There are 2 protein chains.
Amino acid sequence: MITTRRMLLDTAGALLERQGYHATGVNQILSVSGLQRGSLYHHFPGGKEELAVAAILDRARRSERFIERHLGAVGDPADAVQALVEALADRVAHDADGASPPFAAVTLEAGPGLERLRDACRHAYTGIRACFEAKLVASAHEPARAASLAAVITAAIDGAFVLCRVDGDASPLRQVAKELAVLLRRPPPGGATAARAAPVGTDV
Amino acid sequence: MITTRRMLLDTAGALLERQGYHATGVNQILSVSGLQRGSLYHHFPGGKEELAVAAILDRARRSERFIERHLGAVGDPADAVQALVEALADRVAHDADGASPPFAAVTLEAGPGLERLRDACRHAYTGIRACFEAKLVASAHEPARAASLAAVITAAIDGAFVLCRVDGDASPLRQVAKELAVLLRRPPPGGATAARAAPVGTDV
DNA sequence: GTCTATAATAAGATAGAC
DNA sequence: GTCTATCTTATTATAGAC
């Protein structure tokens with residue numbers, strides 16, 4: 001059974017992800033979901049912000065599960081991250097309008113007066129980075145390096161979603177998938193940097 | 001002389017960057033700038049959206065110049081990008097509230113009805129990626145790889161700004177600066193064996 | 001070019017019947 | 001739990017004096 005509360009969380013979550021907080025009106029949430037004002041304020045007495053906080057936290061949990069599932073399916077972290085980002089690109093290619101970083105817009109809009117919303121976004125981003133970090137540590141990466149790589153993975157995916165939006169195309173996510181795999185691939189023991197030793201013509 | 005038009009562009013640009021389009025009201029632009037409604041609608045008869053478009057395009061030009069200046073100051077592209085992102089991190093550390101990707105929030109908010117705003121954002125992101133791409137091509141990177149790397153650099157910086165916002169700290173940008181340098185020093189996937197200096201094997 | 005009063009609309013939230 | 005009428009406030013935009 002699909003509860004009213006679930007309907008509100010899903011509708012609000014999708015709109016917040018795509019448009020951000022201020023561009024998403026209570027009226028729009030109601031018209032899209034087909035629900036009535038009374039239901040919203042019954043389930044979320046705190047109104048729009050309380051619903052937004054709950055929707056963000058709900059989507060954060062789902063995002064973490066999605067990431068963990070994909071990372072758990074492939075052993076090598078470089079391959080796993082590449083497959084995960086390719087899956088996101090496929091999703092964007094299939095539904096170009098849904099090309100959105102889940103929390104970026106709301107995070108940037110959550111200024112003074114929306115502290116609880118900002119806390120929810122912080123929680124979301126912390127959890128997502130932790131997923132990548134755990135995978136990297138489990139693959140014998142040094143903890144500090146794992147944290148650094150997790151931040152870059154999270155950031156690059158978010159930014160790629162934005163580029164997908166402006167391009168109307170999934171290519172940026174595919175480019176990020178490929179390059180993150182390059183970054184995560186451990187250099188051969190001998191140190192492959194030797195070949196790169198002579199960048200002729202690059203000095204000014 | 002600081003013209004009224006310039007004051008409007010700077011004020012609106014800063015607020016749009018920090019808060020996005022819908023969270024930034026005309027009233028706020030006026031109160032922060034100390035100007036009056038009449039001035040705004042005189043210089044921008046199209047109202048809020050016309051001002052926003054002009055402010056975005058103005059900031060896009062400035063961003064490109066900032067990037068070109070930093071990339072031009074250092075020969076090696078890995079070092080140059082690292083220095084650029086470190087400079088952004090310093091800026092964030094100095095003014096933590098100013099931790100914002102310049103165009104991400106507005107891009108994500110620019111849905112149906114704000115097509116001109118979206119076009120301005122597309123123009124901004126295209127120009128920024130082109131700056132990195134040009135630097136990489138000039139450093140003997142294969143064009144397709146340069147485009148891919150430029151997208152990743154742009155995306156990672158944008159995403160790092162968002163993480164800086166939620167963390168209240170410049171660390172994500174510093175992590176991205178370090179890891180992008182690692183990525184840019186890494187030989188391409190195909191396995192650039194010896195002498196990356198001669199772009200052998202770049203033909204398909 | 002600039003200022004202010006006002007219009008027109010949309011926003012989020014509430015009250016009370018059912 | 002759900003629905004609808006209504007309140008309050010904030011929004012963008014315009015008109016017309018200066």
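It should be emphasised that the depicted structure is a prediction, and the values quoted were computed from it without experimental measurement. Below, read A as the first sequence line, B as the second, and so on, with proteins coming before strands; counting in each chain starts at 1.
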Charged N to carboxylate O below 4.0 Å: is that the case for B/K135 and B/D76? no
When you measure from the side chain of B/R165 to the backbone of A/L108, do you find a donor-acceptor pair of N or O atoms at a distance under 3.5 Å? yes
Please list residues of residues 45-57 of chain B whose heavy atoms come under 4.0 Å from any atom in DNA chain C, ordered by number; otherwise none. none
Please tell me whether A/Y125 and A/D158 have a donor and an acceptor in their side chains that are separated by less than 3.5 angstrom. yes
So, using salt bridge (Lys or Arg N to Asp or Glu O under 4.0 Å) as the criterion, who are the partners of [X] when residues are at least two apart?
X	value
B/R37	none
A/D79	A/R185
B/E86	B/R174

What is the distance, rounded to the nearest whole Å, between atom CZ of B/F44 and atom P of D/dT12? 16 Å
Taking side chain to side chain contact (heavy atoms under 4.5 Å, CB included) as the test, write out the residues that go with [X], two or more places apart.
X	result
A/R145	A/H141, A/E142, A/L149, A/L183, B/E179, B/V182
A/E133	A/A146, A/A147, A/A150
B/S171	B/D169

Listed once per pair and sorted, the ring pair (Phe, Tyr, Trp, His ring centres under 6.0 Å) pairs that draw on residues 14-50 of chain B, sequence neighbours left out: none
Just to verify, which of B/V85, B/L163, B/D90 counts as forming a side chain to side chain contact (heavy atoms under 4.5 Å, CB included) with B/L173? B/V85
Considering only heavy atoms, which members of residues 9-29 of chain B lie under 4.0 Å from some atom of DNA chain D? B/T24, B/G25, B/V26, B/N27
Residues touching DNA chain D, which here means a heavy atom under 4.0 Å, drawn from residues 102-119 of chain A: none
Using a cutoff of under 3.5 Å, can you pull out all pairs of nitrogen or oxygen atoms linking the protein to nucleotides 1-3 of chain D, with atom names and distances?
unit_1 : atom_1 : unit_2 : atom_2 : d
D/dG1  : OP1    : A/H42  : NE2    : 3.4
D/dT2  : OP1    : A/T4   : OG1    : 2.8
D/dT2  : OP2    : A/H43  : NE2    : 3.0

Side chain to side chain donor-acceptor pair (under 3.5 Å) filter on A/R116, not counting sequence neighbours, yields A/E49
